[in-house]
Amino acid sequence: MITVENVRKKYRDVLACDDVSFTLPEGMITVLLGPNGAGKSTIMKSIIGFLRYEGNITVNGYDNHSMEAKRMTGYIPELPSLYPNLTVEEHLEFLARTYRLTNYKDRAMELLRRFELEDKRKKFGDELSKGMQQKLNICLGVLSDPQVLLLDEPMIGLDPHAIKEVKKMMAEMKAAGKTLLVSTHIIDSVDMLWDKALIMQKGKIMADITKEELVRDGMTLEQLFFDVTEGIEPDDVIESEETQ
């Protein structure tokens with residue numbers, strides 16, 4: 001579970017996150033939607049601990065900056081940040097040592113096979129295509145088998161096979177009771193996966209709703225997104241019954 005309470009982040013004169021609060025339950029996939037500049041990446045980077053902010057964030061009861069929280073959290077950033085002088089398998093080894101993983105090699109090889117990188121094990125980071133870099137990015141994010149996984153635009157640059165595998169992997173993690181937060185602006189990419197939706201605009205959470213509530217109201221996620229981002233005033237927040 002992730003709990004975000006009254007998070008505020010300002011970049012000079014720009015208020016990127018304005019008193020953001022929400023809870024992500026275990027065993028659910030939450031999708032974080034919003035137009036460019038809405039604050040999605042800022043709140044993701046705040047949760048993972050990359051940014052300073054005002055407010056409180058906990059991961060399964062631990063402060064998100066604690067070692068306990070970091071060990072149970074995986075992160076797949078929007079843009080891969082690979083080391084040009086490390087091979088694919090050396091990237092995995094480096095991350096395994098960082099997390100102090102033991103007996104990780106079988107899982108690493110399983111992930112490489114799953115994302116069709118097995119024959120690229122000796123390739124350096126800067127020798128990979130953008131799509132292959134993103135596949136390695138995903139393998140690194142889940143190597144530790146995290147209890148909580150943050151995915152920032154995970155489908156960008158992937159081929160159809162890799163997209164299928166990412167979706168399947170997310171469904172497997174959900175079935176195992178794990179907490180997932182997926183930030184995207186491509187609604188179709190997560191349309192069948194999500195359990196809960198958060199919609200941001202201008203640094204605020206403008207909607208916090210479950211799929212069941214949306215279906216009951218006779219709306220689609222796309223309709224809600226456009227209603228929120230184009231049709232309602234900033235003070236008209238749509239809340240889930242769980243948050244009221």
Side-chain angles (χ1 to χ4, degrees), residues 29 31-32 40-41 44-51 59 64-65 67-186 188-190 193:
I29 297 174
V31 60
L32 177 62
K40 302 188 303 297
S41 290
M44 294 280 280
K45 290 176 181 177
S46 297
I47 293 171
I48 202 66
F50 289 167
L51 298 176
V59 177
N64 66 318
H65 292 101
M67 289 305 300
E68 291 87 353
K70 291 182 182 297
R71 288 193 185 100
M72 66 179 69
T73 305
Y75 177 52
I76 300 174
E78 178 180 2
L79 298 175
S81 181
L82 304 179
Y83 296 99
N85 297 321
L86 290 183
T87 66
V88 167
E89 61 184 5
E90 286 171 345
H91 274 90
L92 293 163
E93 180 182 354
F94 178 78
L95 187 133
R97 291 187 178 189
T98 301
Y99 276 82
R100 298 181 181 177
L101 303 179
T102 58
N103 302 319
Y104 73 93
K105 292 189 177 181
D106 286 346
R107 177 168 172 78
M109 287 304 300
E110 176 193 348
L111 289 169
L112 293 180
R113 284 193 294 269
R114 186 167 193 172
F115 288 96
E116 300 181 320
L117 290 174
E118 189 177 10
D119 61 341
K120 305 295 188 298
R121 289 180 296 132
K122 302 298 183 182
K123 291 279 189 181
F124 291 102
D126 61 356
E127 293 180 319
L128 301 175
S129 68
K130 290 183 179 179
M132 290 177 185
Q133 289 181 358
Q134 180 64 354
K135 290 179 184 181
L136 178 55
N137 194 35
I138 292 166
C139 292
L140 293 169
V142 300
L143 179 64
S144 64
D145 193 21
Q147 291 297 311
V148 173
L149 181 62
L150 310 180
L151 306 94
D152 195 352
E153 300 288 359
M155 312 295 186
I156 290 180
L158 295 181
D159 57 48
H161 172 81
I163 291 173
K164 181 192 74 172
E165 289 301 324
V166 169
K167 291 181 177 181
K168 184 178 178 182
M169 180 185 69
M170 290 168 60
E172 291 167 355
M173 295 184 71
K174 171 185 170 180
K178 299 185 178 184
T179 304
L180 290 88
L181 176 64
V182 187
S183 173
T184 185
H185 65 274
I186 306 174
D188 290 346
S189 68
V190 293
L193 293 171

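Note that the structure is a prediction, hence the values are computed from the model and not measured. Residue indices begin at 1 and follow the sequence shown.
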For [X] and [Y], work out which heavy atoms get closest and say how close.
X: Pro146; Y: Gly74; value: CB-N, 3.4 Å
X: Lys40; Y: Thr184; value: CE-O, 3.8 Å
X: Met169; Y: Arg114; value: N-NH2, 3.5 Å
X: Leu82; Y: Gly125; value: CD1-O, 4.3 Å
X: Leu158; Y: Gln134; value: CD2-CG, 3.5 Å

Give a yes or no answer on whether the side chain of [X] reaches the backbone of [Y] with a donor-acceptor pair at less than 3.5 Å.
X: Asn137; Y: Leu79; result: no
X: Asn64; Y: Val59; result: no
X: His91; Y: Phe124; result: no
X: Arg71; Y: Ser144; result: no

- Query: Quick one: do Lys178 and Asp145 make a salt bridge, cutoff under 4.0 Å?
  - Reply: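 So Lys178 pairs with Asp145 through a salt bridge.
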
Any side-chain heavy atom of [X] sitting closer than 4.5 Å to one from [Y]?
X: Leu92; Y: Leu112; value: yes
X: Tyr75; Y: Phe50; value: yes
X: Leu193; Y: Val31; value: no
X: Ile29; Y: Met173; value: no
X: Met132; Y: Lys123; value: no
X: Glu165; Y: Ile138; value: no
X: Leu128; Y: Lys120; value: yes

Just how far is it from atom [atom1] of [X] to atom [atom2] of [Y], taken to the nearest 0.5 Å?
X: Gln133; Y: Glu127; atom1: CD; atom2: CD; value: 11.0 Å
X: Glu93; Y: Thr87; atom1: CD; atom2: OG1; value: 8.5 Å
X: Arg107; Y: Cys139; atom1: CZ; atom2: SG; value: 9.0 Å
X: Leu180; Y: Met170; atom1: CG; atom2: CE; value: 6.0 Å
X: Thr179; Y: Met72; atom1: OG1; atom2: CE; value: 10.0 Å
X: Leu32; Y: Ser41; atom1: CG; atom2: OG; value: 8.5 Å

- Message: Can you tell me which residue among Val166, Leu136, Asp159 is in a side chain to side chain contact (heavy atoms under 4.5 Å, CB included) with Phe115?
- Response: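 Of all the options given, the one that passes is Val166.
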
- Message: Looking at Asp106, I'd like to know if its CG atom is crowded, meaning that more than 12 non-hydrogen atoms belonging to other residues, nucleotides or ligands lie closer than 6.0 Å.
- Response: no

- Task: Assess whether atom NZ of Lys174 is packed by more than 12 heavy atoms of other residues, nucleotides or ligands within 6.0 Å.
- Result: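 Yes.
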
- Tyr83/Phe94 aromatic ring centres below 6.0 Å: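 Yes; Phe94 has its ring centre under 6.0 Å from that of Tyr83.
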
